[in-house]
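Sharing a structure, written as C-alpha cells. Questions coming.
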Amino acid sequence: MLDETSSFNPVTPYGQSKVLVERDLSALADGSFCPVYLRNATAYGVSPKLRFDLVLNNLVAFAMTTGQVLMKSDGTPWRPIVHIEDISRAFLALMTAPTSVVCNQAFNVGINKENYRSMNWRTW
C-alpha cells in the first residue's frame, strides 16, 4: 500500500502531469501561497454533472439502462473508489485547517478497503 510519502511511479501522461504540477507548485510555496494537494481515489456518486467515464458510475448506469454489466477490461486492474461526498468533506476540512498543518502537504482521499478489482463486481 502507498501513502503520501511513497515514491511516484506514474504510468500515464495524466499521472505524470499531476506529479509535475505538485513539484512546480511546491517550489512556489511561501508565506503568502499555501498549496495543498488532494490525491483523490476515483469518484463515484450522483452529481449535477455526472461523469459516466468513471468506472463505478459507468457500470451502474449501463446496468440500470440495459440490465447487463459491461466489463471494459479483464477486471484485474485495481480501482480505488471514493464517494463524492467524502471528497467534498476532505476539501472542506483542508480549507478550514490551519495553514501551518496543511501547507505544501499532500493528502490521499480514499481508504484501502475501498480498493477493488472490477472482476469481483461480476457477482453483483
Run the salt-bridge test on E22 and K18 with the 4.0 Å N-O cut-off and return the result as yes or no.
no
Please report the closest heavy-atom contact between G110 and A41, naming both atoms and the distance.
CA-CB, 4.5 Å
Might you confirm whether atom OH of Y14 has over 12 heavy atoms from other residues, nucleotides or ligands at distances under 6.0 Å?
no
Output the distance between atom CD (E4) and atom CG (N108), rounded to the nearest 0.5 Å.
4.0 Å
Y116 versus E114, side-chain donor and acceptor atoms under 3.5 Å
yes
Atom CZ in F91, atom CG in N40: separation rounded to 0.5 Å?
5.5 Å
Nearest-0.5 Å distance that lies between atom CG in N104 and atom CG in L25:
8.5 Å
Report whether I84 and F107 are members of the same hydrophobic cluster (ILVMFWY, side-chain heavy atoms less than 4.5 Å apart, transitive linking).
yes
Test V82 against T42 for side-chain contact (heavy atoms from CB on, under 4.5 Å), laying out the working first.
CA-CA 6 Å; V82 62; T42 302; over 6 Å; no
With a 3.5 Å distance limit and no angle check, can you tell me whether N112 reaches the backbone of N115 through a side-chain donor-acceptor pair?
no
Where V102 and A97 come nearest, the two heavy atoms and their spacing:
CG1-CB, 3.6 Å
Would you name the heavy atoms of L28 and F33 that are closest together and state the gap between them?
O-CD2, 3.6 Å
Here the gap from I81 atom CD1 to Y44 atom OH, rounded to the nearest 0.5 Å, amounts to 5.0 Å
Can you measure from OH (Y37) to CZ (R39) and round to the nearest 0.5 angstrom?
9.5 Å
Nearest-0.5 Å distance that lies between atom OG1 in T5 and atom CD in Q105:
10.5 Å
Common cluster, L94/V101, ILVMFWY with side-chain heavy-atom separation under 4.5 Å:
yes
Residues P10 and G15: closest non-hydrogen pair is CB-C, 3.5 Å
